[in-house]
Protein chains: 2
Amino acid sequence: MRLRDTEKVQLVKQKAIELIVKDGLEGFSMNKLAKACQISVATLYIYYKDRDDLIVKITIEELESMTQGIMKDFSPEMSFEQGLHKQWENRYAFAKNHPQMNLFFDQLRSSSYQSTLLSDSISAFKMTMGQFMTNAIERGEIEEMPLDVYWSIAFAPLYNLIRLDQEGKSLDGSPFKVTDAVFWKTFDLVVKALKK
Amino acid sequence: MRLRDTEKVQLVKQKAIELIVKDGLEGFSMNKLAKACQISVATLYIYYKDRDDLIVKITIEELESMTQGIMKDFSPEMSFEQGLHKQWENRYAFAKNHPQMNLFFDQLRSSSYQSTLLSDSISAFKMTMGQFMTNAIERGEIEEMPLDVYWSIAFAPLYNLIRLDQEGKSLDGSPFKVTDAVFWKTFDLVVKALKK
DNA sequence: TTGTTAAATGAATGAATATTTATTTATTTT
DNA sequence: AAAATAAATAAATATTCATTCATTTAACAA
């Protein structure tokens, strides 16, 4: 029995993400991926059943790594301001350490894979986040509101900042990097919106 | 001289948007588009120079229609709360009347067309929006903050709500439609965040 | 009616795509 | 060292892609 070359397997995963971020799913092909890894296309079909399988499996792995990163040291029992701060911290850190991840997920969110992937697998994660909000409301820390309203205010501004930062330019076209100051200033305003 | 069939031209535009929203740019092809319109592929090459030209021209037209819709009855001289309310109203109305548009632009934002399209053409529009914020700060209606922070708080929650609405399901998986009440509740919280 | 012009077409083109095949290579087990 | 097994490959296949070509069709001008 010959062993599967784990370095090669890792390389495939990494290059796939790179290529999809660079060219979009539209410009991503099995042949290009093989060439980028300097391996035979056929090898890809040993690792994965087909193109779809490759994309789905890689995405699920990355999703899991991301939820893990986001949940680090977080508990739905934390106080509202502590908990939300931790969430912002974790998401900020993850975006910095995995600069391609948000772009990668953007690709999948705006593709035919969305329904398969992004809606299903994260349900446990979402439950926890829902619980956190419910607790905060019950404690009277924030106003009562639907989960979707909460989520839209609590996180949409954060991801918009991260996106602008990674695109590297501000809305007026000038160069742009999110500083810690700007980031936490935004956080303060979000807390102001939600707190009772 | 035979006249170009304007109904056919319109059909091509509409079906192109439909297909891109459904399958992504990745799954969009000239042959599929022709088949969907029940015309010859060659006809597409009478209307448009090539695939790129088709995508770019259609996008520019839709962008113009959208900025027009968003700017209706708005002026950067309006008071902060009135002006932002009008912006939310216009964007909400546009999203309702053109349910595919946000999804369509999402496709392009996460593609190689982004730099060509979404950064260039809207600059006048962005200038106006920047002016509106600057005025609000000068009048002391809102706190001082960078444009990107303002934008992230003022509009990212809105678009997140619209997206959830159009996906038709809430974060916990239950069916979801944005009601006027939910929409304006979110608006109130956003105003609360920004106002001095 | 006839000629002119561009719209519209069906059927090709070659290039790129995903996937499969037959074969070779490396590693473990006997 | 030989047999067994799966990894890895190079080369082929069938399909889909964007684009073009030769031809027909419709509308107007003479």
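Side chains are part of it too, since the values below use all heavy atoms of this structure and drop only hydrogens, waters and symmetry mates. In what follows, chains are A, B, ... by sequence order, proteins preceding strands, each numbered from 1.
Applying the salt bridge (charged side-chain N to carboxylate O under 4.0 Å, His left out) criterion to Asp148(A), with sequence neighbours excluded, gives no partner residue. Residues passing the salt bridge (charged side-chain N to carboxylate O under 4.0 Å, His left out) test with Asp180(B) are Lys96(B), sequence neighbours excluded. Phe80(A) is linked by a ring-ring contact (aromatic ring centres under 6.0 Å, His included) to nothing, counting only residues two or more places apart in sequence or in another chain. Residues satisfying the side-chain contact (heavy atoms from CB on, under 4.5 Å) criterion with Val21(B), sequence neighbours excluded, are Ile17(B), Gln100(B), Leu103(B), Phe104(B). The side-chain contact (heavy atoms from CB on, under 4.5 Å) test applied to Met127(B) returns no partner, not counting sequence neighbours.
The base of dA7(C) lies close enough to the side chain of Arg2(B) for a donor and an acceptor atom to sit less than 3.5 Å apart.
Where Leu3(B) and Ser40(B) meet DNA chain C, the nucleotide closest to each residue was compared, and Leu3(B) sits on the side nearer the 5' end.
Listed by residue number, Ala42(B), Thr43(B), Ile46(B), Tyr47(B) are the residues of residues 42-58 of chain B with a heavy-atom contact under 4.0 Å to DNA chain C. Within residues 4-38 of chain A, the residues that have a heavy atom under 4.0 Å from DNA chain D are, in order of number, Arg4(A), Asp5(A), Lys8(A).
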Under 3.5 Å, which protein N or O atoms sit close to an N or O of nucleotides 1-4 of chain C? Give each pair with its distance.
none

Counting only pairs under 3.5 Å, give me each side-chain donor-acceptor contact of residues 2-10 of chain B, with atom names and distances, residues two or more places apart or in other chains.
residue  : atom : partner  : partner atom : Å
Asp5(B)  : OD1  : Glu7(B)  : N            : 3.0
Asp5(B)  : OD1  : Lys8(B)  : N            : 3.2
Gln10(B) : OE1  : Lys13(B) : NZ           : 3.2

Identify each donor-acceptor pair in which a side-chain atom of residues 160-167 of chain A lies under 3.5 Å from a protein atom, sequence neighbours left out, and give them as a table.
residue   : atom : partner   : partner atom : Å
Asn160(A) : OD1  : Arg163(A) : NH2          : 2.6
Asn160(A) : ND2  : Ser152(B) : OG           : 3.0
Arg163(A) : NH1  : Glu167(A) : OE2          : 3.2
Asp165(A) : OD1  : Val178(A) : N            : 2.6
Gln166(A) : NE2  : Pro99(A)  : O            : 3.2
Glu167(A) : OE2  : Gln114(B) : NE2          : 3.1

Under 3.5 Å, which donor-acceptor pairs do the side chains of residues 33-46 of chain A form with other protein atoms, sequence neighbours left out?
residue  : atom : partner  : partner atom : Å
Ser40(A) : OG   : Ala42(A) : N            : 3.1
Thr43(A) : OG1  : Ser40(A) : O            : 3.4

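Here the shortest heavy-atom pairing between Lys195(A) and Glu81(A) reads NZ-OE1, 3.1 Å.
For residues 4-40 of chain A, the set of pairs meeting the ring-ring contact (aromatic ring centres under 6.0 Å, His included) definition, not counting sequence neighbours, is empty.
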